[in-house]
Amino acid sequence: MKIIHCCLAAVYNDNHSYQENILPKMHKMQGHHVSIVASTETFINNMQLGYVKPSVYTTEYGVKLSRLEYSKILPNFIIKKLRIYKGLMDDLNEFKPDCIFLHDIQFLSIYTIIKYLKKNSNVVVYADGHTDFINSARNFISKHILHKVVYRMCAKAIEPYTRKFYGVLPLRVDFFKEVYKISPDKVELLVMGGDLTNIDFSKKEQIRQDIRISLEVSVDDFLIITGGKIDSRKGIIELMKAICQLDNGVKLLVFGSVAQDIQNEFNELVNSNNIRYLGWIPSELIYKYFFAADLSFFPGTHSVLWEQSVSLGIPGVFKKWEGIQHIDIGGNVLFIDLVNVNNIKNIILEIISDKTLFERMKKVASEKGIPSFSYYEIAKKALEN
């Protein structure tokens, strides 16, 4: 099958392990002919939103990617918000897809796709959604103008041509139905996961030992891992403060880029003997560092790292959000309601002291996490409906 992945509603980051990176990779591995069209919006230095030049190149896994130029029919700041592109029809006509997979639907050039579909009625369309009330629609203009008028218009326009709309979190399934008014029978959950294709689980223990040695973490230390784009909403500062108050048998491994507004406080905390900071690391190394840890801990807003850690069979603690509890697959994780230093300390001490609890978390994580959150299986499921 010829599948074109359209990443035109938001940022596209090269060499990352986000869903829009990994699904095309998996579909190529599964024998499909794959192409990607994307915006020029990306994260500069892995933290700040910015733009690159329009270009055509090949991804690290051998898929052609076209970064499309914005149209010039309106002022630039309006075009970038409405997401109207030049050259999309040319890419569609050249590639002649059997399937169009839309990563989000919030772009007015979706009408170019509809124009193509009217002439090519045999093409199958799927759309996913990464939008919810935590990461979007947080002020009046965004909620009532962009999402409930402009982007709902886009969603309803493509709905007749779309086989399934996939919310990648339960919360985002609800967003499709409640905000964009998509028919409930067309909406399903398609979880995010981990790219396990290059992971050698037979070497897990050796990787664990090697990394701990490199970090000067003993085999008996209880090592917790966290990271990502570290900002005030991620709760990682509170986690670091809690670790600083625990004894030396508990260590915290932190990776990722740090927002400027918390940089000073972060720098003070990272000097603790209990904390190891790696800076930003490429996605393929993140998986190995997860193997070194006993527990993942993400006390703030959702990140793809939640599903990645679960996909590796690592037990975890996560901030409790309604509609983001799908990572609990039978007791592999605990949720923390109110994120503060004392509550974080207490839940860590509970896990460490209650051996039965922790052994049960590890057992469920290793038995169910890997098959439930493997992107290879998720990519196949995406095309089954």
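All values derive from a computational prediction rather than experimental measurement. Any value given below was found using the heavy atoms of this structure, including those in side chains, with hydrogens, waters and symmetry copies removed.
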Applying side chain to side chain donor-acceptor pair (under 3.5 Å) to D128 and not counting sequence neighbours gives Q19, H103, H130
Are side-chain N/O atoms of H326 and E307 paired as donor and acceptor at under 3.5 Å?
-> yes
Cation-pi between K2 and F95: NZ/CZ under 6.0 Å from ring centre and within 45° of the ring axis?
-> yes
Measure up the F266 and Y277 rings against each other and bin them: parallel (under 30°), tilted (30 to 60°), perpendicular (over 60°).
-> perpendicular
Can K177 be said to sit on top of F165's aromatic six-ring, NZ or CZ under 6.0 Å from centre and within 45° of the ring axis?
-> no
For E60, does the CD atom have more than 12 heavy-atom neighbours from other residues, nucleotides or ligands under 6.0 Å away?
-> yes
Can you list the residues that meet the side-chain contact (heavy atoms from CB on, under 4.5 Å) rule with E284, with sequence neighbours excluded?
-> P282
Is the closest basic N to carboxylate O distance between K241 and E238 below 4.0 Å?
-> no
If you measure from the Lys or Arg side-chain nitrogens to the Asp or Glu carboxylate oxygens, is any gap between E69 and K72 under 4.0 Å?
-> yes
Return yes if a side-chain donor-acceptor contact under 3.5 Å exists between D200 and S202, otherwise no.
-> yes
Under 6.0 Å from the CD atom of Q48, do we count more than 12 heavy atoms belonging to anything else shown?
-> no
For atom CG of N271, is the number of surrounding heavy atoms from other residues, nucleotides or ligands below 6.0 Å larger than 12?
-> yes
Looking only at side chains, do R67 and Y57 share a donor and an acceptor under 3.5 Å apart?
-> yes
Do the charged groups of K251 and D220 touch, with an N to O distance under 4.0 Å?
-> no
Determine, for E384 against K381, whether the closest basic-nitrogen to carboxylate-oxygen distance falls under 4.0 angstrom.
-> no
K363 with E367: basic N within carboxylate O range, under 4.0 Å | yes
Does a side chain donor of either N139 or S142 reach within less than 3.5 Å of an acceptor in the other side chain?
-> no
Verify the neighbour count for atom NZ of K288: are there more than 12 heavy atoms of other residues, nucleotides or ligands below 6.0 Å?
-> no
Short side-chain donor-acceptor distance under 3.5 Å, E268 and N264 = no
Any luck finding a side-chain donor-acceptor pair between S183 and D185 under 3.5 Å?
-> yes
Can a salt bridge be assigned to the pair D294 and R208 using a cut-off of 4.0 Å between side-chain N and carboxylate O?
-> yes
